[in-house]
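Note: hydrogens, waters and symmetry copies are ignored here, and every other heavy atom, side chains too, is used.
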Amino acid sequence: MAHHSLASQESYNPNNLLDILLGKMQLKNDAALSRLLEVAPPVISKIRHHRLPVGASLLIRMHEVTGMSIRDLRDLMGDRRTKYRLSDAQGRPKADERPLGQEAGYAH
């Protein structure tokens, strides 16, 4: 069973976040929560079993439906990180992409 790196943090507990959302939104179960968040039910199950992290897009959706801040949502699941490490490759153009104006056949 593959665990994501955040799951290794002792304080990380996405179940707390999901349970609080169930109560705040007065929902009966995870299936109702998945409908509210517009995600497939297995996504909630995978988060509960620490097989999938709560991603940025899901956090934003939680923020939209609850009105809670992203910081508060992250605190509820025990994500206390203040900085995020980005990949060195992130944001760089792919090898086959050229800067604008340098496309093949463009005359200078």
Novice: Which value, rounded to the nearest 0.5 Å, describes the distance between Ile70 atom CD1 and His63 atom NE2?
Specialist: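 It is 5.5 Å, given to the nearest 0.5 Å.
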Novice: Can you name the nearest heavy-atom pair linking Leu22 to Asn29, along with the distance?
Specialist: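 Looking at all heavy atoms of both residues, the shortest contact is CD2-O, 3.2 Å.
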Novice: State which residues pass side-chain contact (heavy atoms from CB on, under 4.5 Å) with Ser69; sequence neighbours excluded, sorted by chain then number.
Specialist: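 Ser69 satisfies side-chain contact (heavy atoms from CB on, under 4.5 Å) with Arg71, Asp72 only.
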Novice: Considering only distance and modelled atom types, tabulate donor-acceptor pairs under 3.5 Å from the side chains of residues 35-45, sequence neighbours left out.
Specialist:
none

Novice: Enter the distance from Lys46:NZ to Leu52:CG here, rounded to the nearest 0.5 Å.
Specialist: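 Interatomic distance, Lys46 NZ to Leu52 CG, rounded to 0.5 Å: 7.0 Å.
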Novice: According to the side-chain hydrogen bond (donor to acceptor under 3.5 Å, both in side chains) rule, which pairs have a member within residues 17-28, sequence neighbours left out?
Specialist: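 Output for this query lists Asp19-Arg48.
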Novice: Side chains of Met77 and Leu59: does their closest heavy-atom pair fall under 4.5 Å?
Specialist: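 SC-SC contact between Met77 and Leu59 confirmed.
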Novice: Among Asn15, Ile20, Asn13, Leu21, which residue meets the side-chain contact (heavy atoms from CB on, under 4.5 Å) test with Leu17?
Specialist: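 In the set Asn15, Ile20, Asn13, Leu21, the residue that makes a side-chain contact (heavy atoms from CB on, under 4.5 Å) with Leu17 is Leu21.
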Novice: Let's go through Met62 and Val54 carefully: what are the C-alpha distance in whole Å and the side-chain angles of both, what is the deciding distance for side chain to side chain contact (heavy atoms under 4.5 Å, CB included) to 0.1 Å, and is it a yes or a no?
Specialist: CA-CA 10 Å; Met62 290 174 176; Val54 177; 4.3 Å; yes
Novice: Kindly indicate, with the supporting measurements, whether the criterion side chain to side chain contact (heavy atoms under 4.5 Å, CB included) is fulfilled by Met25 and Leu33.
Specialist: CA-CA 8 Å; Met25 304 311 291; Leu33 181 60; 5.5 Å; no
